[in-house]
Amino acid sequence: MAAAPKLSVISAKFTEATLDEIVQNAGGKRCTSWKMSDTEFKKGDSYLSELYRIQLHDDSGTQLLVVNAVVKTIPKNVGRRNTFRSADFFRNEYNFYTVVLKELYSFQAKRQPKHPFDDIPKCLAAYSDGENDFIVLEDQSQYGYSTASRAEGVGLDECQRCMRSLGRFHALSLAMKEQDSDRFHAIVQQHVEETYYAARLKPWYNNFLQVQIDCAKKAVAQECAGTELERKVANFFDCDLYDRMVYLTHTRNQNSVINHGDCWMPNFLFHNETSGVRIIDFQLARYSSPALDISFFVYSCTSQALRETHYQELLDAYYGGLAEMMRDLGSNPEEIFPFSELKKELQQYARFGCGMGIESIPFSLLGEEDVADLDQIDSDKAIPIEQIWILRPIENQAGRLRLTDMFRHAMDMGYLD
């Protein structure tokens with residue numbers, strides 16, 4: 001019989017004291033026993049982390065307390081960690097859960113809204129030092145939540161649920177910024193960092209971006225040669241795209257909010273019987289235009305057929321959730337962020353979704369056999385990411401059309417002008 005796994009498999013800093021902390025945060029006294037689950041996460045479930053499921057018990061009281069948790073840890077493989085700058089992403093997510101979200105929830109609690117925002121799983125423990133990082137979240141599968149399929153598009157109902165949830169999340173920023181401006185800006189300055197698009201990160205990402213651009217241009221040339229769309233896409237790429245993405249992520253105004261930052265479908269969990277949604281993975285959390293989250297979601301997660309028929313309904317779901325939440329928190333959405341401002345933000349910043357889509361769409365088309373096994377990195381040194389994340393020209397027409405249709409919709413909306 002195989003030996004039971006040790007806690008140090010998760011992290012050298014994940015100890016018995018951590019288990020007690022998790023149980024106490026769940027309302028118990030101490031952890032009296034625990035077991036790690038066999039549940040396997042797929043290779044593509046997390047590029048920047050390792051994932052474990054663990055069940056903790058506390059039978060020290062009159063009633064048995066059971067805590068089911070998912071633990072997300074920084075990779076043990078040093079080469080993988082350095083290649084993907086895992087320490088930066090973990091630090092940002094650690095700060096999100098332990099400071100940013102706590103502050104937003106504290107602001108919310110003081111205003112006692114009728115329908116509080118609680119679409120983010122509870123963080124039960126977290127640690128960050130760049131080498132032994134972990135984040136422990138309440139396991140949502142016990143409540144009937146699961147991810148949608150990565151390859152298949154999802155329907156209007158699921159998309160509206162995601163958009164509404166994003167709107168409610170963004171509303172916390174807008175209301176707190178109005179009512180407790182100094183505190184809000186202090187949090188943003190000290191505890192939210194840009195982990196993907198910043199001048200200092202250009203050498204890390206830019207070669208990989210060129211691979212994505214080549215794949216996108218080939219897809220457009222195959223499906224739309226000689227059309228106005230091909231000309232618009234050529235124009236979109238006729239710049240230093242990385243610098244453009246830095247500009248889009250760093251330009252701020254009165255409408256800027258704390259963004260989720262990584263709005264593709266695997267980061268939304270759906271309830272199998274209710275309209276509930278849970279949002280996970282805040283490693284790319286940033287402070288920027290709400291249009292970044294919206295355009296990333298729309299272009300990475302919806303089909304052209306759904307956009308052509310229901311785009312306005314998606315925006316209505318987003319704005320409806322946002323406006324209702326803001327009122328619930330004591331702010332007036334018509335004054336602070338009317339729908340006309342949302343449209344203005346999209347005109348200025350929605351091209352961001354196309355810049356992200358040329359990465360996320362090819363990734364979502366990969367079969368599991370095509371996903372790199374990142375633990376095969378056998379050096380401690382960082383390897384150029386374009387040598388690990390291998391993207392080839394999209395082979396099937398349906399995949400190429402997903403990419404070209406993203407640009408088509410953005411062109412039709414005037415977002416590429």
Under 3.5 Å donor-acceptor pairs involving side-chain atoms of residues 231-240, not counting sequence neighbours:
{"residue": "R231", "atom": "NE", "partner": "E228", "partner atom": "OE1", "Å": "3.0"}
{"residue": "R231", "atom": "NH2", "partner": "E228", "partner atom": "OE1", "Å": "3.3"}
{"residue": "R231", "atom": "NH2", "partner": "E228", "partner atom": "OE2", "Å": "2.9"}
{"residue": "K232", "atom": "NZ", "partner": "D417", "partner atom": "OD1", "Å": "2.8"}
{"residue": "D240", "atom": "OD1", "partner": "K202", "partner atom": "NZ", "Å": "3.4"}
{"residue": "D240", "atom": "OD1", "partner": "Y242", "partner atom": "N", "Å": "3.3"}
{"residue": "D240", "atom": "OD1", "partner": "D243", "partner atom": "N", "Å": "3.1"}
{"residue": "D240", "atom": "OD2", "partner": "K202", "partner atom": "NZ", "Å": "2.6"}

Could you tell me whether the side chain of N267 and the main chain of D262 form a donor-acceptor pair under 3.5 Å?
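Such a contact is found between N267 side chain and D262 backbone.
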Give a yes or no answer on whether the side chain of T83 reaches the backbone of A382 with a donor-acceptor pair at less than 3.5 Å.
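Such a contact is absent between T83 side chain and A382 backbone.
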Residue among Y319, F337, Y318 satisfying ring pair (Phe, Tyr, Trp, His ring centres under 6.0 Å) with H170
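Filter result, single survivor: Y318.
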Member of F89, F282, F90 meeting the ring pair (Phe, Tyr, Trp, His ring centres under 6.0 Å) criterion with F96:
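When ring pair (Phe, Tyr, Trp, His ring centres under 6.0 Å) is applied between F96 and each of F89, F282, F90, only F282 qualifies.
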First locate atom [atom1] of [X], then atom [atom2] of [Y], and finally report the distance between them rounded to the nearest 0.5 Å.
X    : Y    : atom1 : atom2 : value
C263 : M163 : SG    : CE    : 9.5 Å
I385 : N207 : CD1   : CG    : 8.5 Å
N396 : L365 : CG    : CG    : 6.5 Å

Could you tell me whether K344 and E341 make a salt bridge, using a distance below 4.0 angstrom between a side-chain N and a carboxylate O?
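Counted as a salt bridge, because a side-chain N and a carboxylate O are separated by less than 4.0 Å.
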Please assess I358 against I213 for the test side chain to side chain contact (heavy atoms under 4.5 Å, CB included), listing each intermediate value before the final yes or no.
CA-CA 7 Å; I358 64 170; I213 291 169; 4.0 Å; yes
Which residue in the set E193, E194, Q283 passes side chain to side chain contact (heavy atoms under 4.5 Å, CB included) when paired with N92?
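The single option meeting the side chain to side chain contact (heavy atoms under 4.5 Å, CB included) with N92 is E193.
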Apply the test side chain to side chain donor-acceptor pair (under 3.5 Å) to residues R400 and Q397: give CA-CA distance (whole Å), side-chain angles for both, the deciding distance (0.1 Å), then the verdict.
CA-CA 5 Å; R400 290 194 297 270; Q397 187 179 39; 5.7 Å; no
Side-chain contact, heavy-atom cut-off 4.5 Å: Y299 with D405?
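They are not in contact (no side-chain heavy atoms under 4.5 Å apart), so the answer is no.
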W389 vs F208 aromatic rings, parallel, tilted or perpendicular, using cut-offs 30° and 60°?
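Tilted.
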I'd like to know whether T274 forms a side chain to side chain donor-acceptor pair (under 3.5 Å) with H271, so could you lay out the CA-CA distance, the side-chain angles of the two residues, the decisive distance to 0.1 Å, and finally the verdict.
CA-CA 6 Å; T274 72; H271 195 266; 3.2 Å; yes
Stepwise side chain to side chain donor-acceptor pair (under 3.5 Å) test for E359 and Y205
CA-CA 11 Å; E359 178 188 306; Y205 191 78; 2.3 Å; yes
My understanding is that only one of R278, K122, K72, R53 makes a salt bridge (charged side-chain N to carboxylate O under 4.0 Å, His left out) with D139; could you say which?
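So, applying the salt bridge (charged side-chain N to carboxylate O under 4.0 Å, His left out) to D139 and each of R278, K122, K72, R53, only R53 qualifies.
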